[in-house]
Amino acid sequence: MAIDKTKYDETKPHQVALLQLEIAAERLGLDEGMKLKLQNPKRILIVNFPVKMDNGELRNFTGYRIQHSLTRGPGKGGIRYHPSVDLEEVKALAAWMTWKAAVVNIPYGGAKGGVQCNPKEMSKGELERLTRRYTWEIAPLIGPEKDIPAPDVYTNAETMAWIMDTYSTLQGYSVPGVVTGKPVAIGGSLGRNEATAQGCVYAIEEALKHLGMDLEKATVAIQGYGNAGSNAAQIIHKVGAIVIAVSDSKGGIYNADGLDPARVQKHKEKTDSVVNYGEGDNITNEELLAMDCDILIPAAMENQITKENAHEVKAKLIAEAANGPTTPSADDILYDKGIFIIPDILCNAGGVTVSYFEWVQNIQSLFWTLEEVNNQLAKIMKRSFWDVAAITKKEKVHMRTAAWMLGVGRVAEATRLRGIYP
Ligand code: NAD
């Protein structure tokens with residue numbers, strides 16, 4: 001039976017996640033009971049908590065930790081601080097983590113957390129107090145064997161250090177394995193900071209081989225210049241591609257001869273934005289997405305390529321470093337234009353993969369070299385790319401549906417093997 005896509009509101013990330021699941025479930029022939037099990041998050045915790053602001057006022061914040069699935073292992077997923085954080089967004093992000101961990105075949109379930117706030121308007125002290133109180137609120141759910149947070153939009157290694165310290169204080173001993181993406185000095189992994197971007201570039205290299213294209217001198221446009229975007233720019237520049245445009249929430253910059261990503265990063269650190277970087281022209285985010293280039297890397301937020309602007313996309317390859325940047329109707333338009341997509345649950349899985357390595361190192365109290373980390377990451381990203389590519393061939397589907405079939409199929413199999421309690 002054909003799926004009625006109009007039942008799903010594409011402006012809502014969780015509805016998009018449900019439609020993507022429906023498409024994969026139908027292809028896999030999953031029954032209704034299994035579908036319902038996979039649609040619904042296992043556990044949702046909503047917390048409301050006060051934080052003392054610098055001016056002495058008490059402000060109340062709402063936070064979430066959602067465990068979508070714990071079938072293949074402990075929950076795993078980042079923590080986001082952003083005004084858009086709400087139940088719908090976190091539900092989608094948690095579900096995407098489940099499928100992502102399964103696509104790269106690491107022993108985790110999926111989870112995600114977040115606090116609705118605007119970190120750009122908060123001081124470091126306020127962010128630390130918010131983080132410590134939020135950690136206390138979600139402490140019953142997290143732990144190295146239960147659910148392991150990591151950084152996401154507007155959180156970073158410092159945020160993870162505060163979470164680790166707060167959780168450890170509550171336990172009475174150091175628990176480095178409660179979070180990943182920590183500073184290396186307190187048990188973080190070498191290579192974790194760049195892992196999402198590095199994994200994305202490994203996936204791009206395989207995709208280009210698949211398409212018979214060359215990375216050397218390929219032109220690249222990147223939306224978002226945070227952890228995923230700025231590292232992707234620097235890594236892909238180092239391996240010979242030409243980064244012609246980048247952007248952040250304030251706008252973008254363009255230089256046909258290529259930008260120097262490390263210098264752009266310094267400019268952003270100084271001025272808080274990539275905009276007004278001297279050696280290029282300012283552009284809008286809309287212009288960036290429509291850039292005439294070989295590779296487009298969305299590395300910011302959900303819902304950026306939609307049915308309204310997908311017609312404008314000129315890139316040959318889209319590598320989704322962000323989670324959920326493309327809506328299902330946009331997918332259809334992009335496929336019709338012959339654009340190849342490396343879907344988010346494959347393309348940005350380098351982050352969770354090196355998080356897994358960090359957790360393994362914490363459990364063993366044994367640390368790896370950067371070379372070991374990147375070799376293992378390359379192996380997993382390459383294997384996963386070709387696993388997904390093989391499904392596209394066998395099942396005659398595009399990369400997104402193939403990745404979902406792989407991820408959902410593995411979780412469904414684990415569910416069947418474990419059986420249902422009681
Ligand atoms: P970050 O906070 O480090 O950076 C976010 C960047 O996006 C910033 O440069 C910000 O200015 C920009 N941005 C925000 N809103 C924007 C908009 N509307 N238009 C253009 N730019 C905008 O966050 P991050 O960790 O790099 O995460 C970016 C994306 O990558 C998210 O979708 C996240 O879920 C995904 N992701 C991150 C990781 C990770 O390890 N950090 C792993 C997997 C996926």
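Atoms within a ligand are numbered from 1 in the order they appear, just like the ligands themselves. What you see is a predicted model; the values in this text were computed from it and never measured.
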Quiz item: Is it true that Glu22 and Lys35 make a salt bridge, defined as a side-chain N closer than 4.0 Å to a carboxylate O?
Solution: yes

Self-check item: Tyr108 ring center near Trp359 ring center (under 6.0 Å)
Solution: yes

Exercise. Tell me, please, which residues at least two apart from Tyr277 pass ring pair (Phe, Tyr, Trp, His ring centres under 6.0 Å).
Key: His267

Practice problem: Identify whether the distance between the nearest side-chain nitrogen and carboxylate oxygen of Asp54 and Lys124 falls below 4.0 Å. | Solution: no

Self-check item: Modelled atom types, side-chain donor and acceptor of Thr369 and Glu372, under 3.5 Å
Solution: yes

Quiz item: For the residue pair His210 and Trp386, is the inter-centroid distance of their aromatic rings smaller than 6.0 Å?
Solution: yes

Could you tell me, for ligand 1, which of its N or O atoms are under 3.5 Å from any protein N or O, listing the pairs and their distances rounded to 0.1 Å?
unit_1   : atom_1 : unit_2 : atom_2 : d
ligand 1 : 2 (O)  : Tyr154 : N      : 2.7
ligand 1 : 3 (O)  : Asn227 : N      : 2.8
ligand 1 : 9 (O)  : Tyr225 : N      : 2.9
ligand 1 : 9 (O)  : Gly226 : N      : 3.2
ligand 1 : 11 (O) : Ser249 : N      : 3.0
ligand 1 : 11 (O) : Ser249 : OG     : 3.4
ligand 1 : 21 (N) : Ser249 : N      : 3.4
ligand 1 : 26 (O) : Asn227 : N      : 3.2
ligand 1 : 26 (O) : Ala228 : N      : 2.8
ligand 1 : 30 (O) : Ala321 : O      : 3.4
ligand 1 : 32 (O) : Ala300 : O      : 3.0
ligand 1 : 32 (O) : Asn323 : N      : 3.0
ligand 1 : 34 (O) : Arg80  : NH2    : 3.1
ligand 1 : 34 (O) : Asp152 : OD1    : 2.6
ligand 1 : 34 (O) : Asn323 : ND2    : 2.8
ligand 1 : 40 (O) : Arg192 : NH1    : 3.4
ligand 1 : 40 (O) : Arg192 : NH2    : 3.2
ligand 1 : 40 (O) : Thr196 : OG1    : 2.7

